[in-house]
Amino acid sequence: MRVTLKEWASLISQLSWKIGGQQGEGVESTDRIFSTALNRLGYYLYGYRHFSSRIKGGHTNNKIRISTKPIRAISDDLDILVAFDQETIDLNAHELRQGGVIVADAKFNPVVPEGVEARLFAVPITAIAEELGTSLMKNMVASGASWALLGLPLEVFNKAVEEEFGRKGPAVVEKNVEAVRRGADFVLEQAGGPLGDFQLEPADGEQKLFMIGNDAMALGALAAGCRIMAAYPITPASEIMEYLIKQLPKFGGTVVQTEDEIAAVTMSIGSNYAGVRSMTASAGPGLSLMMEAIGLAGMTETPLVIVNTQRGGPSTGLPTKQEQSDVNAMIYGTHGEIPKIVIAPSSIEECFYDMVEAFNLAERYQCPVIVLTDLQLSLGKQSCEPLDYERIVIDRGNLVTNVPPSEDNVLFKRYEFVEGGVSPRVLPGEKGGLHHVTGVEHDETGRPSESAINRKKMMDKRLHKLDNLQVTNAIRVDAPHEDADLLIVGMGSTGGTIDQARVQLEQDGIKTNHVTVRQIYPFPTAQFKAYADRAKQIVVLENNATGQLANQIKLNVGVGDKVRNLTKYDGTPFLPSEVYKQSKELV
Amino acid sequence: MATFKEFRNNVKPNWCPGCGDFSVQAAIQRAAANAGLEPEKLAVISGIGCSGRISGYINAYGFHSIHGRALPIAQGVKLANRDLTVIASGGDGDGFAIGMGHTVHAIRRNINMTYIVMDNQIYGLTKGQTSPRSAVGFKTKSTPEGSIESTLSPLEIALAAGATFVAQSFSSDLKQLTSLIEQGINHEGFSLINVFSPCVTFNKINTYDWFKENIVNLETVEGYDASNRVMAMTKLMETNGMITGLIYQNKEKRSYENLITGFRPEPLTNQNLQLSVEDFDKLLKEFK
Ligand SMILES: Cc1ncc(C[n+]2csc(CCOP(=O)(O)OP(=O)(O)O)c2C)c(N)n1
Ligand code: SF4
Ligand SMILES: [Mg+2]
């Protein structure tokens, strides 16, 4: 039995829609046009993509949750399933709530699997599209039918179509509008009008920003003044470079697609050293290759920003699936000991603001900063609150200019022992700033040095730079209870799911607090401890097998007896019902 | 305009007396002066190896990096500040073994910079193992029975990769070496200069005398045309790469920075980082 979560939200304020078919068959584009139109009406949307590591063929589906209120999690169940093939029905119909709807292409004589109670509308999706000239228009017919069942205004959908195809000319727009109308007419006739129980409350009419986490991070980087990106393509990080490839030329910058991730990260180090904010982005396999260079940035105190969009590991693992299993690697990767900051945005808005912050932290503390997301946060398309221009503040740290020229052969003390350890940084080109930089242990001017006294002082200088680390919202807290039965802890994309489960737990009389760890390393022990102490038990929820975040809590906060692991590592994100059930069992 | 002395610093190199790398250091200093550079406008990025230490021995902005990665770092520097003259340098292991991937792609990319390889046909710093440049049969610590892998021909590879400037020189010929480095600096695009730079401690085969006996200076080859890629390739193959001088130069091809859409003549380091409200709003609009 599935736990339905309809108790906490009325049917009419939200519903879930899914489209499925073979990869390359229009699933993505149907989803895009349908959600764009919904966004025009002002609905909050939260998307989930199920896809495989191939381009054509193989089952794929996109799910959108539609709501009049902000939502941050996928739903357990499904209201409408649009199917391009029987496989989609077979694989997904079990998610449908009782009385859910299947809109399927009549072409394959769809059947509802046994045990599923759903209303089936067989619409000649392919036939209509072909009649209008090309099966490519399947997406229009299918989304038109969906739209009509929800009783939403067709003009709004047509506007979205116009926007999508406007530049291809009025004839193309007209054809697509026609496809939408035919899909809508057909299904309405079958259903006898829009479905009464699927009428959404009107939304606020305000079009939201609608983007994936990777878009938000790329935009954040651009706003932060990042002007060079060096990267090697990989799922689920590529959209970051794709966005910047599109935008950077407008701002004088550029993206270099390098030969590998070692080149990407070292090129980025070179640009940062020379004074331009630069980044790279990858996923686990790329980060593994970058480790030596991250150590170089730490040792040479060169600012560096790296995004790691986690996916299923190890090795090639599950390249298109959700996981959060790089926590250890991000903290402990790289030989030797360097200062390093790892932050994990936990919402689409944070994806944006955290990039601005990451670039500031990198220059303020002159060290590598890793921004850690997960596939669901990186690729799930969702509504985003307005982004605030006023919050884009660029702080370049202890960067000095116009250094007076030195006497002959006296080098600038790039690694000067100063209070707080962050030495003045000068950029190549400055007459008075000549100095040497090396990954070898060095003295204050950057010259190699094996002196034991210098070594200890330099290590301390570097490592203690982060003693005064200030990260905005190192943890995010929702703690209504003075004494909680459960403190649920998560990171990355899981926050919305946890909150949804908490509603149910609270209804069962279980008092829950919620802490999202955003500063993964160094661990924000002091901030975290206050909430850990107030909880009877701590449930640490993470998409990995060994409880990597939980281990950090045990190591740093020392509340091991209270910590329970709630892990999932099958490649799919947590569902609210799972979090609810398993948390309850743990109490 | 700085003199070559201004590119000297007071650091005493820790190379063995007689090491070929001394000449490379001197040649870079002279070439920099000849090219009219100032120390603060020169960035020398080096890898790891005996040769990699060179960035610490030149009065300029120096970045001694990690093994095999001098090239991508140097390219990043140049893209960030195109007003700098950027020289990358390192050993044959650095550039043709661990860093070979970067070498080929840096050549293809053709960013305006100069790459100087100190080729001693051996791993010096790790005390004498075989390198991709070692001859077949060459006995080292790691090849006690003699190397059984083919010797790499980096300059043929460079030509195949679309190099726009390929030269080779010898530590004993300071004049030629200096001139080639200067030409490399002045070349628009990526210039590769391979230097036979003997390791007097671990390589008892490829010695100064051995090179003197075996290399041919292209200036003495009648009718040699360095703008002819086929001739360059043929000559390299015929001589097993034992030639010095300017082997190939393509003056037509624009460098990478000059081909990037929207890339400005003004160095990026001097540009304003802040987005305007108008630009920001425009960017946001695309997500609605
Ligand atoms: C990743 C990595 N692997 C191995 C080493 C050890 N190592 C240092 S230099 C070197 C080879 C040096 O040979 P070459 O590049 O030809 O420079 P040379 O010393 O001959 O000038 C090696 C293997 C290292 N520093 N880093
Ligand atoms: S070991 Fe060889 S390469 Fe290294 S410094 Fe000595 S002579 Fe030069
Ligand atoms: Mg060598």
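Residue numbers start from 1 in every chain, and the chains themselves are labelled A, B, ... in the order their sequence lines are given, proteins ahead of strands. All figures in this text were calculated on a predicted structure; none of them were measured in a lab.
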Enquirer: How about A:M267 and B:I73: do any of their side-chain heavy atoms sit closer than 4.5 Å?
Expert: no
Enquirer: Does any heavy atom of chain B fall under 4.5 Å from the side chain of A:R396, the backbone, both, or neither of them?
Expert: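 Side chain of A:R396 only, per the 4.5 Å heavy-atom cut-off to chain B.
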Enquirer: Using side-chain heavy atoms (C-beta onward) and a distance below 4.5 Å, is B:L283 in contact with A:Q247?
Expert: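 In contact.
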Enquirer: Which atoms form the tightest heavy-atom contact between B:H67 and A:E292, and what is the distance?
Expert: N-OE2, 4.4 Å
Enquirer: Determine whether the aromatic ring centres of residues A:Y389 and B:F280 are separated by less than 6.0 angstrom.
Expert: yes
Enquirer: Would you mind telling me which of A:Q207, A:K431, A:M211 has the largest number of heavy-atom pairs within less than 4.5 Å of chain B?
Expert: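 It is A:K431.
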Enquirer: Side chain, backbone, both or neither: which part of A:T300 has a heavy atom under 4.5 Å from chain B?
Expert: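 For A:T300, side-chain heavy atoms alone lie under 4.5 Å from chain B.
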Enquirer: Check each atom of A:L248 against the heavy atoms of chain B and say whether the ones under 4.5 Å are side chain, backbone, both or neither.
Expert: neither
Enquirer: So if I apply the ring pair (Phe, Tyr, Trp, His ring centres under 6.0 Å) rule between B:F287 and each of A:Y243, A:F210, A:F352, which one comes out positive?
Expert: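 For B:F287, the ring pair (Phe, Tyr, Trp, His ring centres under 6.0 Å) check succeeds only for A:Y243.
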Enquirer: For A:L387, is it the side chain, the backbone, both, or neither that has a heavy atom closer than 4.5 Å to a heavy atom of chain B?
Expert: both
Enquirer: Indicate yes or no: at least one non-hydrogen side-chain atom of A:Y273 is less than 4.5 angstrom from one of B:V77.
Expert: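 They are in side-chain contact.
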Enquirer: Assess whether atom NZ of A:K250 is packed by more than 12 heavy atoms of other residues, nucleotides or ligands within 6.0 Å.
Expert: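 Yes - once you tally the heavy atoms of other residues, nucleotides and ligands closer than 6.0 Å, there are more than 12.
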Enquirer: So which part of B:E266 gets closer than 4.5 Å to some heavy atom of chain A, the side chain, the backbone, both or neither?
Expert: neither
Enquirer: Which atoms form the tightest heavy-atom contact between A:A274 and B:T269, and what is the distance?
Expert: O-CG2, 3.0 Å
Enquirer: Considering non-hydrogen atoms only, spot the tightest contact between A:S271 and B:G76 and give its length.
Expert: OG-O, 2.8 Å
Enquirer: If you count heavy-atom pairs under 4.5 Å with chain B, which of A:G446, A:A263, A:G275, A:P386 comes out on top?
Expert: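 Most heavy-atom pairs within the cutoff with chain B belong to A:A263.
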Enquirer: Calculate, to the nearest 0.5 Å, the distance between atoms CG and OG1 belonging to B:L259 and A:T254 respectively.
Expert: 11.0 Å
Enquirer: Sort B:A74 into side chain, backbone, both or neither according to what part of it lies under 4.5 angstrom from a heavy atom of chain A.
Expert: neither
Enquirer: Quick check on A:A293 against chain B: is it the side chain, the backbone, both or neither that has a heavy atom closer than 4.5 Å?
Expert: both
Enquirer: Taking every non-hydrogen pair under 4.5 Å, which of A:S278, A:G295, A:P249, A:A230 racks up the most with chain B?
Expert: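 Winner by heavy-atom pair count: A:P249.
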Enquirer: Measuring only between side-chain heavy atoms, which start at C-beta, is B:L71 closer than 4.5 Å to A:T266?
Expert: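 No. Closest side-chain heavy atoms not under 4.5 Å.
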Enquirer: Indicate yes or no: at least one non-hydrogen side-chain atom of A:V256 is less than 4.5 angstrom from one of B:Q75.
Expert: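 The answer is no, as the side chains (C-beta and beyond) never meet within the 4.5 Å cut-off.
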Enquirer: Measuring from B:E40:CD to A:E430:CD, what's the distance to the nearest 0.5 Å?
Expert: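 So the gap between those two atoms works out to 9.0 Å.
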Enquirer: I need the residue from B:N81, B:I66, B:I48, B:T261 with the largest number of non-hydrogen atom pairs under 4.5 Å to chain A.
Expert: B:I66
Enquirer: Does some side-chain heavy atom of A:R227 sit less than 4.5 Å from a side-chain heavy atom of B:L79?
Expert: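 When only atoms from C-beta onward are counted, A:R227 and B:L79 do not touch, as no gap falls below 4.5 Å.
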Enquirer: With respect to chain A, which residue among B:R108, B:Q271, B:R109, B:E38 yields the maximal number of heavy-atom pairs within a distance under 4.5 Å?
Expert: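 Greatest number of close heavy-atom pairs with chain A: B:R109.
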Enquirer: Can you find a pair of side-chain heavy atoms, one from B:K288 and one from A:K208, that are under 4.5 Å apart?
Expert: no
Enquirer: Counting only non-hydrogen atoms closer than 4.5 Å, does B:D281 touch chain A with its backbone (N, CA, C, O), its side chain (CB onward), both, or neither?
Expert: neither
Enquirer: To the nearest 0.5 Å, how far apart are CG in A:L434 and CG in B:N9?
Expert: 10.0 Å
Enquirer: So which part of B:L84 gets closer than 4.5 Å to some heavy atom of chain A, the side chain, the backbone, both or neither?
Expert: side chain
Enquirer: Picking from A:N272, A:V265, A:I269, A:D260, which has the most non-hydrogen pairs under 4.5 angstrom with chain B?
Expert: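 Most heavy-atom pairs within the cutoff with chain B belong to A:D260.
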Enquirer: Is A:Q257 close to chain B through its backbone or its side chain, or both, or neither, when contacts mean heavy atoms under 4.5 Å?
Expert: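 Just its backbone gets close to chain B.
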Enquirer: If you count heavy-atom pairs within less than 4.5 Å of chain B, which of A:G439, A:G433, A:G253 leads?
Expert: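 If we count pairs closer than 4.5 Å to chain B, A:G433 comes out on top.
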Enquirer: So, do A:P428 and B:K41 sit near enough that their side-chain heavy atoms are less than 4.5 Å apart?
Expert: no
Enquirer: In terms of heavy-atom pairs under 4.5 Å with chain A, which of B:G62, B:G262, B:S65 leads?
Expert: B:G62
Enquirer: Where do B:H64 and A:V437 land on the side chain to side chain contact (heavy atoms under 4.5 Å, CB included) test, with the steps shown first?
Expert: CA-CA 6 Å; B:H64 178 227; A:V437 168; over 6 Å; no
Enquirer: May I ask you to name which of B:H102, B:R69, B:K285, B:H105 has the most heavy-atom pairs under 4.5 Å with chain A?
Expert: B:H102
Enquirer: Go through the steps for A:L296 and B:F63 under the test side chain to side chain contact (heavy atoms under 4.5 Å, CB included), then give the verdict.
Expert: CA-CA 11 Å; A:L296 175 70; B:F63 194 137; 4.1 Å; yes
Enquirer: Does any backbone or side-chain atom of B:V44 lie under 4.5 Å from a heavy atom of chain A? Answer side chain, backbone, both or neither.
Expert: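 Nothing of B:V44, per the 4.5 Å heavy-atom cut-off to chain A.
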Enquirer: Given a strict heavy-atom distance threshold of 4.5 Å, which part of B:I260 is in contact with chain A: side chain, backbone, both, or neither?
Expert: side chain
Enquirer: With a 4.5 angstrom heavy-atom cut-off, which part of B:R53 approaches chain A: side chain, backbone, both or neither?
Expert: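 Interface part for B:R53: side chain.
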Enquirer: At a 4.5 Å cut-off on heavy atoms, which part of B:Q274 comes close to chain A: side chain, backbone, both, or neither?
Expert: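 Both the backbone and the side chain of B:Q274 come within 4.5 Å of chain A.
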Enquirer: Kindly say whether the aromatic ring centers of B:Y61 and A:F412 come within a distance under 6.0 Å.
Expert: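 No, they do not, as the ring centres are separated by 6.0 Å or more.
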Enquirer: Which pair of heavy atoms, one from B:Y256 and one from A:V255, lies closest together, and at what distance?
Expert: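 Between these two residues, the closest heavy atoms are OH-O, 4.2 Å.
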Enquirer: Shorter than 4.5 Å, heavy atoms on both sides: which option in A:T258, A:T36, A:L209 has the most such pairs with chain B?
Expert: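 Among A:T258, A:T36, A:L209, the one with the most close pairs to chain B is A:L209.
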